[in-house]
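These notes concern the structure reproduced below.
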Amino acid sequence: MNIKKQKFSGVSLFTLAFSFLAISDTSAQTCATPPTCESLGYTLTASQCTGRTVLKCPLDTSKIFCVSAAEAGETTECSNVGDILYSDMSCSTAPISGKVAIGVVASPTRGLAIALEEGMA
């Protein structure tokens, strides 16, 4: 009986030592430096993205990302039939959240737009 206890203790100690080695190896392999908001592209502030759709960095909500006017298709000239005319007199080919659309360009050469609501000047 004493020999069985010694063998069992030896096997238990070996298993326990192997378990600690396996845990320390996997812990060292999975440790990594997390990305920063700047490296993910969240480099702007709320004042720089006024009137645009924004994404907040999950690590620091004061850092945000927004699409520039050129990337959103926004221009100051309404040069295409069907462009969306906004209350700040800018235009875009696609809707921009946070801006008030007031019309659709009907004739860019004549500066005509079709109002979205009756009575708009």
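Values reported hereafter were calculated over all heavy atoms of this structure, with side chains retained and with hydrogens, waters and symmetry mates removed.
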Please tabulate, for the side chains in residues 34-42, all donor-acceptor contacts under 3.5 angstrom to protein atoms that are two or more places apart in sequence or on a different chain.
{"from": "T36", "atom 1": "OG1", "to": "S39", "atom 2": "N", "distance (Å)": "3.1"}
{"from": "T36", "atom 1": "OG1", "to": "S39", "atom 2": "OG", "distance (Å)": "3.3"}
{"from": "S39", "atom 1": "OG", "to": "T36", "atom 2": "N", "distance (Å)": "3.1"}
{"from": "S39", "atom 1": "OG", "to": "T36", "atom 2": "O", "distance (Å)": "2.8"}

Original post:
Should V100 and L85 be regarded as members of a common hydrophobic cluster, given that ILVMFWY residues are connected when their side-chain heavy atoms come within less than 4.5 Å of each other, either directly or indirectly?
Top reply: yes

**OP:** Tell me, please, which residues at least two apart from L112 pass side chain to side chain contact (heavy atoms under 4.5 Å, CB included).
**Re:** S107, R110

Subject >> Spacing of I84 atom CD1 and I102 atom CD1 [to the nearest 0.5 Å] >> reply: 12.0 Å

**OP:** First locate atom OG of S92, then atom CG of D83, and finally report the distance between them rounded to the nearest 0.5 Å.
**Re:** 7.0 Å

**OP:** Return each pair, listed once, that meets salt bridge (charged side-chain N to carboxylate O under 4.0 Å, His left out) where at least one residue sits in residues 39-50; pairs must be two or more places apart or across chains.
**Re:** none

**OP:** Could I get the full list of side chain to side chain donor-acceptor pair (under 3.5 Å) partners for N80, not counting sequence neighbours?
**Re:** none

Original post:
For T33, which residues count as a side chain to side chain donor-acceptor pair (under 3.5 Å) partner, sequence neighbours excluded?
Top reply: none

Subject >> Nearest non-hydrogen partners of C78 and P108, listed with the distance >> reply: O-CB, 3.1 Å

